[in-house]
Protein chains: 2
Amino acid sequence: MDSALIKEIVDKYLNLTFSIERNGGQLIKCQMGNDMTNDQHYILRYINQKEGCTSSELADVFNVNKSAITAIIDRLEKKGFIQRTRDEQDRRVVYLTLTDVGRELFYETELRIHQLVSSFIEQFEPDEIERFIQTYEKLNQIILAAKDEMLGE
Amino acid sequence: MDSALIKEIVDKYLNLTFSIERNGGQLIKCQMGNDMTNDQHYILRYINQKEGCTSSELADVFNVNKSAITAIIDRLEKKGFIQRTRDEQDRRVVYLTLTDVGRELFYETELRIHQLVSSFIEQFEPDEIERFIQTYEKLNQIILAAKDEMLGE
DNA sequence: CAGTAACAGTTAATCTGTTGAACTATTTTA
DNA sequence: TAAAATAGTTCAACAGATTAACTGTTACTG
């Protein structure tokens with residue numbers, strides 16, 4: 001591919017990504033209850049999907065230090081949305097699970113987010129959206145591979 | 001479209017967006033010089049693209065309060081990458097421009113980012129990437145429209 | 001088996017980004 | 001000309017992140 005064309009595509013990609021991240025994030029935020037941040041909701045989502053996990057796993061998935069996770073979990077535990085349970089086999093490990101209150105709040109918010117994103121998706125032809133998701137998935141794989149390569153497995 | 005299918009697509013979209021945002025952001029961060037954050041670089045990029053702008057414009061584009069912009073600009077000015085210039089016509093207005101040092105640092109970093117993203121783009125067929133960007137652009141328009149509608153315009 | 005490595009998680013200090021309210025200074029407008 | 005609107009700043013408070021030092025627990029090794 002022509003290098004000037006690539007430059008143009010990269011520029012477009014960067015600007016679009018920026019705009020979608022910022023404005024999409026803002027719209028998601030509007031779906032949040034009053035004392036919940038986007039990041040906190042994503043943490044709840046991950047724990048819910050996995051039906052429990054550890055801080056180290058979250059730190060890995062969220063690409064941050066474990067101490068950052070400790071801070072977020074502290075806040076969510078204080079609000080009563082998350083429970084810490086020490087593993088009796090390996091007492092270093094702490095399992096994180098949603099409380100009933102946490103799970104309920106999560107589902108409510110997640111429903112609103114789904115309705116929002118559905119309203120976007122429905123504006124596309126099924127064909128177009130399928131192709132988009134396919135490429136998006138491939139992009140994700142490429143980024144993950146680049147990360148593994150740069151930061152060493 | 002079938003509603004179960006839509007739900008699946010929305011789920012995929014949310015998970016992919018999360019992963020790409022987090023991991024892509026991490027890779028971008030690796031391209032940064034030592035005392036520069038991603039957000040700070042995006043501010044420099046916007047000012048560079050527009051060849052100068054105001055705090056209010058940045059607040060609008062970045063979707064944050066003006067006081068958040070003041071804080072970021074303070075840091076960038078302290079580091080000598082940005083200049084504030086009062087408008088002589090309307091003395092309420094402050095124009096923001098890059099200093100020579102700021103512009104140079106910006107170009108260096110931006111080049112590394114372009115090389116990184118190019119290495120992603122080059123792994124796709126031109127066709128595929130073009131279709132992707134088209135849909136991505138449409139998605140951005142939809143999000144901007146939703147924002148205008150929700151937050152009143 | 002004792003002693004050291006490695007691991008999971010926490011704490012504390014410090015920084016960046018963000019909000020919201022109150023404020024200053026300067027136009028605009030009615 | 002007085003009131004309203006606008007551009008930007010200040011301040012207090014909080015969320016998220018990093019780094020380094022630390023606790024407690026488990027695994028490894030000579």
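Proteins come first, then strands; the chains are lettered A, B, ... in the order of their sequence lines, and each starts at number 1.
Of all nucleotides present, none satisfies the Watson-Crick or G-U wobble test against dA5(C) with each distance under 3.5 Å. Across every strand in view, dT26(D) sits unpaired, with no contact that passes the Watson-Crick or G-U test at under 3.5 angstrom.
Residue S67(A) places its side chain closer to dT11(C) than to any other of dG8(D), dT11(C), dA8(C).
Side-chain N/O atoms of R22(A) include one lying less than 4.0 angstrom from OP1 or OP2 on dT18(C). Taking side-chain N and O atoms only, R75(B) has a distance below 4.0 Å to OP1 or OP2 of dT16(C). Applying the 4.0 Å criterion to OP1 and OP2 of dT26(C), one finds that Q89(B) has every side-chain N and O outside that range. Regarding contacts with the backbone of dG8(D), a side-chain N or O of S56(B) is found under 4.0 angstrom from either OP1 or OP2. OP1 or OP2 of dT9(D) sits under 4.0 Å from a side-chain N or O of R84(B). One finds a side-chain N or O of S55(B) lying less than 4.0 angstrom from the OP1 or OP2 phosphate oxygen of dT9(D). Distances shorter than 4.0 Å separate none of the side-chain N or O atoms of N65(A) from OP1 or OP2 on dA17(D).
Side chains of K147(A) and N23(B): a donor on one and an acceptor on the other come within 3.5 Å. Side-chain contact annotation: E110(B) with H41(B), donor-acceptor N/O pair under 3.5 Å present.
Atom CD1 in I43(A) sits roughly 14 Å away from atom P in dA15(D) (whole-Å rounding). D74(B) places its CG atom 15 Å from the C1' atom of dC15(C), with the value rounded to the nearest Å. What separates CZ of F81(A) from P of dA15(D) is a distance of 13 Å, to the nearest Å. Atom NZ of K66(A) is separated from atom C1' of dT23(D) by 12 Å (rounded to the nearest Å). We find that NZ of K79(B) is positioned 11 Å from C1' of dC15(C), with the value rounded to whole Å. Between Q26(A) atom CD and dT18(C) atom P the separation is 10 Å, expressed in whole Å. One interatomic measurement links the two molecules: OH of Y95(A) to P of dA8(C), which rounds to 11 Å at whole-angstrom precision. What separates CZ of R92(B) from C1' of dT29(C) is a distance of 12 Å, to the nearest Å.
If you find the closest nucleotide of DNA chain C to K29(A) and to E57(A), the one lying nearer the 5' end belongs to E57(A). Heavy-atom distances to DNA chain D give each of T54(B) and I69(A) a nearest nucleotide, and the one nearer the 5′ end belongs to T54(B).
Annotated as anti: dA4(D), whose glycosidic dihedral deviates from 0 by more than 90°.
In terms of polar N and O atoms assigned as donor or acceptor, the side chain of T37(A) never comes within less than 3.5 Å of the base of dG16(D) in a complementary pairing.
Residue contacts shown for I72(B) are limited to sugar-phosphate atoms, with no base heavy atom under 4.0 Å away. Among the heavy atoms of the strands lying under 4.0 Å from A68(B) is at least one base atom, whether or not backbone atoms are also near.
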Take F18(A) and Y46(B) through the side chain to side chain contact (heavy atoms under 4.5 Å, CB included) test and state the conclusion after the steps. CA-CA 11 Å; F18(A) 173 79; Y46(B) 187 84; over 6 Å; no
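Summarising the geometry, atom OG1 belonging to T17(A) is positioned 13.0 Å from atom NZ belonging to K12(A); distances are rounded to the nearest 0.5 Å.
Atom CD of E130(A) has 12 or fewer heavy atoms from other residues, nucleotides or ligands within 6.0 Å.
Checked against a 6.0 Å centroid threshold, the rings of F132(B) and F124(B) do not count as neighbours.
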